[in-house]
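One structure below.
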Amino acid sequence: MPNRDVVSWNAIVAAYWQNGNLEESKRIFNSMPVRNIVSWNSMIAGCVEHDRIEEACEYFLRMPERNVASWNVMISGFLKYERLEEASKLFNEMPVKNVISYTSMVDGYANKGEIERARSIFDKMPNKNEVSWVVMINGYVENGIFEEARRLFYQMPRKNTVAMTTMLTAYAKEGKMDFARSLFEEIQFKDRISWNAIIGGYTHNGQCEEALKLYNKMLEAGKRPDHSTLVVVLTACSNIVSLQQGRQIHVLIVKSGFQSEVSVCNTLITMYTKCGSIDDSELLFREMVNPDVVSWNSIIAGLGQHGHYVRALEFFEVMKTSELQPDEITFLNVFSACGHVGRVEQSLDLLESMVRIYGVEPKAEHYSCLVDILSRAGRLDDAYKLITKMPFAPDGAVWGALLGACRVHLNLELGELAATKIFELEPQNSAAYVMLSNIYATMGMWKEVNRIRWLMKENGVKKQPGYSWMEIDKKVQLFLGGDVSHPEIGRIRLELKRICLLMKMVDRDEDLELL
DNA sequence: CGAGAGCCAT
């Protein structure tokens, strides 16, 4: 039975590359006495899996005959690396297409933002299955076109758990958690991913208590958490600054062996940072055997958020000696630290070395940071020069950084210029009006102050009130900036005074590091 | 024995 034989060989070939040993797969493949189409297809899939698309091509061209799966595996290989042209060439050349060929192309176009082309293939499909529908719906969701996603979802004939989870995620991204929740309740066979989606939805929409409640329900329902579950519930704990619940989940992570998951550790680092326990963040980071860029970014950001700027910069120096490449977020965190300790020259050097050494293109946010650093150092003209030298059009945030400093250093000319730019780019940006008006007020130019006030009214700009809240006798009290009519105003003021005093005391202790 | 889907961290 030679056929039976091939099947066993194929299984061994597949098993090796699935366990990370592509070379052994290839060796066995070469030594096989007989091969069928499946042997070749499996070898191609293995190469694709191990980022060796060119080798996959070689096998594809060498094989004596191909079936539809051979073409499909090549197409999905090219799509994996966003090589749309080659994928679509194969798609057009292949003699017979099946539902998988079409679905792969729909997914490929949708992932590249070419949603119209994805849709036109979807509409041309001779028959669709549940996967095709989900790919198309999710394509709309990923591209933020929620109305069309919803329309297709309701057209979809048989909605399975995956489709419902996709739509649930769409509602969550729109902030419509009530719709997301009722869809979730309608899912007959809720799996772990559906639970993760609804918990994540509540977390990202600021309803973290509800997220944690659902997490407990999930455990009660007998679903074990996976690394994604843990990531979102830890995020929920961070957002509500619940160190106690965060630690509880940390214990569970250690007991269940999830501490080997990099994403889980990274989230733990951030959780401890946000919950005020930066030492735990650092301990965790040091214990990681395989930190990635996100781990480094998290600890550098964390140290910065706790005022340990110099230490953050030291970590960055160590990161540079590792084999990991800093990314755009690393540089944002590093710029932030530089700015706080007034390292102007260093940040200018860094901006230059971003591209030259690390191949990271600075974005608008990076320029905003630099403009902010230069401006705060009083170098307003240099900041303006940097803006004019930016390789793309400056956005409102860049001008805002300059305007903010113009208010502090009282530079009327540049301030008016920056404000004018912001009014063009973001006419509803109330902060710009307020800052410009403050410059005029400080300089006693009351006529101009009135002109800005009039301009705000004319453009329908509303300054959103500044507000905060605190807990008094187990009740949360909301209070507005400048509001003296609050019934608990006395105790609120007392508490604010206490916090100010506390901050000044802490500040004195940590001044040393700033120098 | 081979090809297409939903959730997650800075």
Side-chain angles (χ1 to χ4, degrees), chain A residues 3-15 17-18 35-46 48-49 66-77 79-80 98-108 110 128-139 141-142 160-170 172 187 191-201 203-204 225-235 238 261-271 273-274 291-302 304-305 327-330 332-333:
Chain A
N3 210 15
R4 184 93 220 108
D5 236 30
V6 183
V7 171
S8 320
W9 280 103
N10 289 346
I12 296 168
V13 166
W17 66 254
Q18 277 161 10
R35 289 185 274 261
N36 62 11
I37 293 189
V38 175
S39 333
W40 288 88
N41 289 350
S42 168
M43 210 51 248
I44 296 173
V48 168
E49 178 71 27
R66 306 170 187 96
N67 63 10
V68 61
S70 328
W71 291 84
N72 285 345
V73 70
M74 279 309 297
I75 288 176
S76 67
L79 290 175
K80 185 177 168 193
N98 66 8
V99 63
I100 296 179
S101 333
Y102 283 96
T103 305
S104 300
M105 289 309 294
V106 172
D107 196 34
K128 308 172 175 75
N129 63 15
E130 289 167 339
V131 182
S132 333
W133 282 92
V134 168
V135 163
M136 192 66 242
I137 294 169
N138 191 49
V141 176
E142 288 296 311
N160 60 12
T161 301
V162 182
M164 294 184 78
T165 306
T166 305
M167 197 58 223
L168 183 169
T169 308
I187 302 177
D191 62 12
R192 192 149 48 194
I193 300 184
S194 335
W195 281 99
N196 291 351
I198 189 72
I199 295 171
T203 302
H204 297 305
D226 66 358
H227 69 105
S228 312
T229 321
L230 297 166
V231 162
V232 288
V233 291
L234 281 171
T235 305
S238 314
E261 284 282 343
V262 183
S263 60
V264 171
C265 285
N266 293 345
T267 317
L268 275 169
I269 292 175
T270 301
M271 186 275 291
T273 296
K274 295 248 173 83
D292 65 3
V293 194
V294 179
S295 326
W296 282 95
N297 291 350
S298 305
I299 191 65
I300 292 173
Q305 282 157 27
D327 66 5
E328 47 185 58
I329 296 176
T330 318
L332 282 180
N333 296 333

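Worth knowing before you read on, the calculation uses all heavy atoms, side chains too, and leaves out hydrogens, waters and symmetry mates. In what follows, chains are A, B, ... by sequence order, proteins preceding strands, each numbered from 1.
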With distance as the sole test, does A/Asn98 use its side chain to make a donor-acceptor pair with the main-chain N or O of A/Ser101 at under 3.5 Å?
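At least one qualifying donor-acceptor pair exists.
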Under a 3.5 Å threshold, yes or no: a donor from one side chain and an acceptor from the other, between A/Asn266 and A/Asp292?
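Their side chains do contain a donor-acceptor pair, which is all the 3.5 Å distance test asks for.
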Pair A/Asn67-A/Asn41, side-chain donor/acceptor within less than 3.5 Å:
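There is such a pair (donor and acceptor under 3.5 Å, judged by atom type) between the side chains of A/Asn67 and A/Asn41.
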A/Ser194 side chain near A/Thr161 side chain, heavy-atom distance below 4.5 Å:
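Touching, per the 4.5 Å side-chain cut-off.
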Between A/Val233 and A/Pro225, is there a side-chain heavy-atom distance shorter than 4.5 Å?
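A/Pro225 does not reach A/Val233 side chain to side chain.
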What's the closest nucleotide to the [X] side chain, out of [options]?
X	options	value
A/Thr169	B/dA9, B/dC7, B/dA5	B/dC7
A/Ala69	B/dC8, B/dA5, B/dG2	B/dG2
A/Ile100	B/dA9, B/dA3, B/dC7	B/dA3
A/Thr161	B/dG2, B/dG6, B/dT10	B/dG6
A/Val294	B/dC1, B/dG2, B/dT10	B/dT10
A/Val73	B/dA3, B/dG4, B/dA9	B/dA3
A/Val99	B/dC7, B/dG4, B/dA9	B/dG4
A/Val134	B/dC1, B/dC8, B/dA5	B/dA5
A/Ser76	B/dG4, B/dC1, B/dC8	B/dG4
A/His227	B/dT10, B/dC8, B/dC7	B/dC8

Using a heavy-atom cut-off of 4.0 Å across all strands, would you classify [X] as base, sugar-phosphate, or nothing?
X	value
A/Thr330	nothing
A/Val232	sugar-phosphate
A/Ser298	sugar-phosphate
A/Ser263	base
A/Ser295	nothing
A/Asn160	base
A/Val135	sugar-phosphate
A/Thr103	base
A/Thr267	sugar-phosphate

Find the distance A/Leu230:CG to B/dC8:C1' and express it as a whole number of Å.
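These atoms are roughly 10 Å apart.
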What are the two closest heavy atoms between A/Trp17 and A/Ser42, and how far apart are they?
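Here A/Trp17 and A/Ser42 meet closest at NE1-O, 3.0 Å.
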Is a donor-acceptor contact shorter than 3.5 angstrom present between the side chain of [X] and the base of [N]?
X	N	result
A/Ser42	B/dG2	no
A/Asn196	B/dG6	no
A/Asn297	B/dA9	no
A/Asp191	B/dG6	yes

Counting only side-chain nitrogens and oxygens, does A/Asn41 get under 4.0 Å of the OP1 or OP2 atom of B/dA3?
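A/Asn41 to B/dA3 OP1/OP2: no side-chain N or O under 4.0 Å.
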